[in-house]
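Notes for the one structure printed next.
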Amino acid sequence: MIRQATWQDNHWQVECDDGQIYPFERIWLATGTSNHAHQHRLLKDVLLEYPTTLIEGLPVFDSYLRLPGSELFIMGGLAALQIRPVARNLAGGRMASDRIVPALSKASLAL
């Protein structure tokens with residue numbers, strides 16, 4: 001389990017419960033069943049670094065499901081404002097992937 005993630009020197013330093021620290025360029029989160037961004041330990045800390053508008057606890061992302069000002073992409077229930085009610089199921093996963101992949105694969109869509 002992840003205890004902490006810190007952005008440092010252009011990558012994430014991720015500390016796990018076993019005390020190991022791993023560097024990552026990207027982090028993919030499985031955010032569970034909560035529909036409020038501040039109820040997720042790691043995401044709550046990320047939102048302090050990259051504040052964004054929340055509507056009923058759901059973050060407002062750009063059209064690529066990216067947290068504004070960051071390279072953090074989120075899918076699943078927390079993307080429901082953009083993906084709508086299907087955000088939590090397989091169809092929603094496909095719709096979210098269709099939005100995220102262009103931003104990951106084309107340099108012209110960078111911040």
Side-chain angles (χ1 to χ4, degrees):
M1 176 175 264
I2 294 174
R3 293 177 67 193
Q4 179 176 319
T6 307
W7 183 252
Q8 185 177 33
D9 299 325
N10 294 324
H11 67 277
W12 288 100
Q13 293 281 91
V14 177
E15 181 182 348
C16 296
D17 281 342
D18 64 3
Q20 294 290 330
I21 297 176
Y22 303 93
F24 292 100
E25 291 181 16
R26 293 190 173 106
I27 296 176
W28 296 83
L29 299 174
T31 59
T33 59
S34 175
N35 281 334
H36 198 292
H38 285 292
Q39 292 179 351
H40 299 281
R41 255 183 23 205
L42 183 59
L43 189 54
K44 182 170 64 172
D45 293 342
V46 170
L47 289 173
L48 290 174
E49 184 74 26
Y50 300 100
T52 190
T53 302
L54 297 179
I55 299 174
E56 298 292 323
L58 297 174
V60 177
F61 303 120
D62 69 12
S63 60
Y64 303 103
L65 302 181
R66 179 173 41 199
L67 192 63
S70 76
E71 285 298 319
L72 177 65
F73 299 84
I74 296 182
M75 55 193 304
L78 290 176
L81 289 176
Q82 289 78 16
I83 303 298
R84 307 289 187 219
V86 299
R88 293 181 172 279
N89 65 31
L90 290 175
R94 172 68 187 258
M95 292 170 70
S97 296
D98 288 345
R99 290 186 183 209
I100 293 171
V101 167
L104 295 176
S105 61
K106 295 183 181 177
S108 64
L109 298 178
L111 293 172

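- The OH atom of Y50 sits 11.5 Å away from atom CZ of R66, with the distance rounded to the nearest 0.5 Å.
- In terms of heavy atoms, G77 sits closest to L58 at O-CD2, 3.7 Å.
- The two residues A87 and A79 come nearest to each other via the heavy atoms CB-C, 4.2 Å.
- Atom CG of residue L43 and atom NE2 of residue H38 lie 8.0 Å apart, to the nearest 0.5 angstrom.
- Between Y22 atom OH and Q13 atom CD the span is 12.0 Å, to the nearest 0.5 Å.
- Taken from CG in D62 to CZ in F73, the straight-line distance is 7.0 Å, to the nearest 0.5 Å.
- When atom types are taken as modelled, the side chain of R84 and the backbone of L81 share a donor-acceptor pair closer than 3.5 angstrom.
- No continuous path of hydrophobic side-chain contacts links I21 to F24 [ILVMFWY only; heavy atoms under 4.5 Å].
- With sequence neighbours left out, T53 forms a side-chain contact (heavy atoms from CB on, under 4.5 Å) with I55, V60.
- Within a 6.0 Å radius of CG in L48, other residues, nucleotides and ligands contribute more than 12 heavy atoms.
- Shortest non-hydrogen contact noted between C16 and R3 is O-CD, 3.4 Å.
- Here the closest non-hydrogen pair linking M75 and G93 is CE-O, 3.4 Å.
- Contact between L78 and A37 at its shortest, heavy atoms only, is CD2-N, 4.0 Å.
- The salt bridge (charged side-chain N to carboxylate O under 4.0 Å, His left out) analysis of residues 89-101, with sequence neighbours excluded, yields the pairs R94-D98.
- Between the CD1 atom in I83 and the CG atom in N89 there is a gap of 10.5 Å [rounded to 0.5 Å].
- In this view, H11 satisfies the ring-ring contact (aromatic ring centres under 6.0 Å, His included) rule with no residue, not counting sequence neighbours.
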Working for side-chain contact (heavy atoms from CB on, under 4.5 Å), residues T6 and D45: CA-CA 9 Å; T6 307; D45 293 342; over 6 Å; no
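- Within the model, atoms CH2 of W12 and CG of L72 stand 6.5 Å from one another, a figure rounded to the nearest 0.5 Å.
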